[in-house]
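Small disclaimer: the values here were computed from a predicted structure and weren't measured.
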Amino acid sequence: MSGAVLALRALGLGDLLTAVPALRALARAHPARPLLLAAPPALAPVADLVGVVDRLVPARPLGALPAPGRGAWLGVNLHGSGPQSHRVLLDARPGRLLAFRHPDVPETAGAPRWRDEEHEVVRWCRLLEESGIPSDPGDLSLLTPPQLVPAVWRGATVVHPGAASPARRWPAERWAAVAAAERGSGRTVVVTGGAAEVGLARRVAVLAGLGPEAVLAGGTDLGTLAALAAAAGRVLCGDTGMAHLATAFRTPSVVLFGPTPPARWGPPAGGPHVVLWKGRRGDPHAAEPDPGLLAIEVDEVLDAVARLDRDAGRAQATGSTSPSSRTTSSASVR
């Protein structure tokens with residue numbers, strides 16, 4: 001589409017949500033140009049909640065872009081450091097490429113340098129800042145989801161035990177102990193996950209003494225999952241996309257980190273979130289739970305949940321933002 005700005009981010013849910021500030025910055029910098037997002041089609045419901053994406057171009061990681069993504073006025077690589085992702089965009093023949101410098105891609109000479117040790121949100125904002133486009137790393141909120149969720153889900157505790165790799169999955173038995181404690185406190189508990197995580201979610205629910213109605217894994221698309229995250233009382237999960245949804249809606253959360261430090265992917269400071277990390281690094285793609293993640297005990301998670309309660313009590317006492325108003329967004333819809 002000639003005249004458009006095309007942003008490549010053909011990855012997962014969490015990846016998209018960490019790119020929200022950069023997408024908003026591109027929309028502000030080029031208000032007269034359509035903003036296209038090259039991403040997996042399943043992310044469309046959440047891309048709509050960014051509020052500035054005019055069209056989602058179906059894309060696979062490092063796959064050739066289809067016709068709607070070809071011939072853009074500007075191609076922006078929010079996907080990776082290159083060279084493969086750079087070439088995906090260059091093959092789509094944009095008028096100009098905005099990307100990090102890579103020695104194997106002459107078109108990026110003089111571009112900003114990639115930094116390994118950088119928070120994912122800050123990384124993409126810096127790419128734009130150093131290219132002359134003002135960005136706000138704190139602009140992470142999403143628009144209020146249009147879906148209405150059942151009343152029983154509102155204020156519920158969401159337990160999300162899964163993650164893309166085994167290295168980031170805390171054991172089901174421990175999640176079940178946390179879920180059982182939440183249930184024992186009189187809270188409604190639901191267990192979420194993707195289609196491949198139904199078995200895991202059912203195991204957690206059974207061990208926690210929850211009924212089958214508590215298992216939402218495999219039965220929600222991303223739009224419904226986003227609406228659930230916005231309406232929930234709290235989210236308990238690992239380093240995965242659900243944690244970023246909690247950040248986007250300012251839903252209180254406890255997030256468990258293992259092989260990857262929260263300084264790279266964690267929620268921003270000052271939000272209603274508690275991060276647990278033992279300070280150990282490992283392989284985020286390993287086939288077994290990371291030893292640092294396994295070092296986090298159930299009692300530590302329960303203590304973190306109690307901290308959420310204390311923080312919420314202080315917020316109510318001082319008249320801070322209530323859960324019912326936390327899903328507003330400063331994004332302008334295009």
Side-chain angles (χ1 to χ4, degrees), residues 7-26 61-62 76-86 88-89 97-105 108-140 163-170 237-248 253-271 273-296:
L8 175 65
R9 189 68 167 165
L11 296 165
L13 173 61
D15 304 280
L16 169 59
L17 295 176
T18 57
V20 166
L23 292 170
R24 297 235 176 92
L26 287 170
L62 304 181
V76 185
N77 189 350
L78 303 179
H79 187 95
S81 61
Q84 296 95 329
S85 53
H86 292 358
V88 167
L89 276 172
L97 175 67
L98 198 163
F100 282 110
R101 186 184 320 180
H102 195 284
D104 295 340
V105 183
T108 63
R113 293 183 179 275
W114 178 272
R115 298 174 186 167
D116 285 332
E117 294 299 318
E118 187 168 34
H119 194 284
E120 192 72 4
V121 173
V122 174
R123 182 193 313 286
W124 304 114
C125 287
R126 181 177 61 84
L127 171 65
L128 301 188
E129 288 278 356
E130 294 186 13
S131 304
I133 299 176
S135 306
D136 177 7
D139 192 10
L140 290 162
S165 67
R168 293 186 280 123
R169 295 177 199 152
W170 205 46
C237 63
D239 172 20
T240 189
M242 193 67 181
H244 296 283
L245 282 175
T247 294
S253 67
V254 175
V255 187
L256 282 58
F257 280 80
T260 303
R264 295 284 301 275
W265 286 89
H273 314 289
V274 179
V275 168
L276 298 179
W277 183 54
K278 290 298 185 177
R280 300 166 60 176
R281 294 172 180 250
D283 178 5
H285 306 294
E288 299 292 335
D290 182 77
L293 181 63
L294 292 178
I296 299 173

### Query
If only atom types and distance count, is the side chain of Ser165 paired as donor or acceptor with the main-chain N or O of Pro284 below 3.5 Å?
yes
### Query
Just wondering, are more than 12 heavy atoms of other shown residues or ligands nearer than 6.0 Å to CD in Glu288?
no
### Message
When you compare the side chain of Asn77 with that of Val88, does any pair of heavy atoms fall below 4.5 Å?
### Response
no
### Query
With no hydrogens and no angle check, is any side-chain donor or acceptor of Arg9 less than 3.5 Å from a backbone partner on Asp15?
yes
### Query
Does a salt bridge link Glu120 with Arg123, judged by any charged N lying under 4.0 Å from a carboxylate O?
yes
#### Entry: Any side-chain heavy-atom pair of Leu128 and Val76 under 4.5 Å
yes
### Task
State, with a plain yes or no, whether a side-chain heavy atom of Val255 is found less than 4.5 Å away from one of Thr247.
no
### Query
Counting N and O atoms only, with roles assigned by atom type, does the side chain of His285 sit under 3.5 Å from a partner on the main chain of Ala167, one being a donor and the other an acceptor?
no
#### Entry: Check: Leu127 and Phe100 side chains under 4.5 Å, non-hydrogen atoms
yes
### Message
Can you confirm whether or not the ring centre of Trp277 sits under 6.0 Å from the ring centre of Phe257?
### Response
no
### Task
Check for a donor-acceptor pair, side chain of Trp265 on one end and backbone N or O of Gly14 on the other, with a separation under 3.5 Å.
no
### Task
Mark yes or no for whether His244, through its side chain, and Leu140, through its backbone, hold a donor-acceptor pair below 3.5 Å.
no
### Message
Can you confirm whether His79 sits close enough to His86 that some side-chain heavy atom of one is under 4.5 Å from a side-chain heavy atom of the other?
### Response
no
### For the student: nearest non-hydrogen atoms of Pro112 and Ser131, plus distance
CG-OG, 4.0 Å
### Task
Kindly determine whether His273 and Ser253 satisfy side chain to side chain donor-acceptor pair (under 3.5 Å), including the steps that lead there.
CA-CA 5 Å; His273 314 289; Ser253 67; 2.7 Å; yes
